[in-house]
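Quick notes on the structure that follows.
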Amino acid sequence: MSLLAGKTVVVSGVGAGLGRQVAAAVVRDGGHAVLGARTETNLAKTAADLDPDGGRTAYRATDIADEEQCAALAELARDRFGRIDAVIHVAALDGHFGGLEDADFEAWRSVIDVNLLGTLRMTRACLPGLKPGGGSVVFVGTQSAVAAPSQLRQAAYAASKGALTSAMYSLARELGPYRIRVNTVLPGWMWGPPVQTYVRMAARREGVPEAEVLGRLTGRMALPELATDGEVADAAAFLASDRARAITGQSLLVNAGELMR
């Protein structure tokens, strides 16, 4: 039996990278994928690519900073497929860089509003669909929340995702009586569009081959290559499935062994 056969999974943040890979994993593993992101054209293209017949996907433009839009995406899942079995949160604001000394705290508020509060808004919107049969909530966090990288500073992003991981523990207790599990995937350096862009820009800035920049990253790993966004998506799909039905309140590092806990 496929991992997610007959399951309806809401996926937020479906763009070109991890969100698309999560949606692809849901469809591949037999589920119905209900896709949300701010840009409708991206959603339409992803749905058409993954599900040409349109029987396994639905989508709606959704900004998780807007409570009404979160509710509309959850309603779409129930209206189209009759239920919600899981929600996987990929949507995030990750383009703000810097540390404390140069912090713009108004920008930090925006990061926290999306990454922490937006994820919780979307989770709450899905609860009426999850409660009748139980299910799974999967947060996508970051290894940076537990071990800051030396290559760049993303203090606001790390703080927001660290807060989300802390919230996971409370939610796992609160929602456990409904048989709703809450877990977090913590990617490290993940080979996909954002890291590909970082490698390309760093190589251009330093005047060195891209392979040299990539080698610095892979040299930190126990395995000889970065985890891919598809492999992180596979971990999220596993946590969304019934094969993880006894797992809740846990954080899973998917990082090729860069950090071990």
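Under the 3.5 Å distance criterion, the side-chain polar atoms of Arg181 are left unmatched by any main-chain donor or acceptor of Gly176. The main-chain N or O of Val199 is never found under 3.5 Å from a side-chain atom of Glu210 such that the two would form a donor-acceptor pair. Judged by distance alone, with hydrogens and angles left aside, the side-chain atoms of Thr142 form a donor-acceptor pair with the main-chain N or O of Ser144 at under 3.5 Å. At distances below 3.5 Å, not a single donor-acceptor pair connects side-chain atoms of Ser241 with backbone N or O atoms of Leu4. When atom types are taken as modelled, the side chain of Asp85 and the backbone of Gly135 share no donor-acceptor pair closer than 3.5 angstrom. Here the side chain of Thr41 pairs no donor or acceptor atom with the backbone of Thr39 at under 3.5 angstrom. The main-chain N or O of His32 is never found under 3.5 Å from a side-chain atom of Thr8 such that the two would form a donor-acceptor pair. Remark: the backbone N or O of Asn115 is not paired with any side-chain donor or acceptor of Ser160 at under 3.5 angstrom. With Thr228 contributing its side chain and Glu231 its backbone, the two residues share a donor-acceptor pair below 3.5 Å. Side-chain N or O atoms of Asp66 include none that pairs as donor or acceptor with a backbone N or O of Cys70 at under 3.5 Å.
Follow the hydrophobic side-chain contacts under 4.5 Å out from Leu3 and you never reach Leu50; the two are in separate clusters. Under the 4.5 Å side-chain heavy-atom criterion for Ile, Leu, Val, Met, Phe, Trp and Tyr, Trp191 and Leu223 are members of distinct hydrophobic clusters. No continuous path of ILVMFWY side-chain contacts below 4.5 Å connects Val27 to Val138, so the two sit in separate hydrophobic clusters.
At least one side-chain heavy atom of Arg261 sits under 4.5 Å from a side-chain heavy atom of Val146. Using a 4.5 Å heavy-atom cutoff, the side chains of Leu252 and Thr184 are not in contact. Side chains of Val34 and Val9 form no contact here, defined as non-hydrogen atoms less than 4.5 Å apart. Between Thr197 and Arg200 there is a side-chain heavy-atom pair separated by less than 4.5 Å. Residues Asp234 and Val254 fail the side-chain proximity criterion, which asks for heavy atoms closer than 4.5 Å. The shortest side-chain heavy-atom distance between Val213 and Val208 falls under the 4.5 Å cut-off. Side-chain contact check for Leu226 versus Met221: some heavy-atom pair is nearer than 4.5 Å. The side-chain heavy atoms of Ile88 and Ser12, taken from C-beta on, include no pair separated by under 4.5 Å.
Checked for salt-bridge contact, Arg109 and Asp113 miss the test: no charged N lies under 4.0 Å from a carboxylate O. A salt bridge is defined here as a Lys NZ or Arg NE, NH1 or NH2 lying under 4.0 Å from an Asp or Glu carboxylate O, and Asp242 with Lys7 meets this definition.
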Where do Glu67 and Arg124 land on the side chain to side chain contact (heavy atoms under 4.5 Å, CB included) test, with the steps shown first? CA-CA 9 Å; Glu67 193 146 5; Arg124 183 165 66 179; 2.6 Å; yes
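Glu206 CD: more than 12 foreign heavy atoms inside a 6.0 Å radius. In this structure, Arg56 places its CZ atom where more than 12 heavy-atom neighbours from other residues, nucleotides or ligands lie under 6.0 Å away.
No side-chain donor from either of Asn183 and Gln250 sits under 3.5 Å from a side-chain acceptor of the other.
Ring geometry for His89 against Phe139 counts as tilted: the plane angle lies between 30° and 60°, on a 0 to 90° scale.
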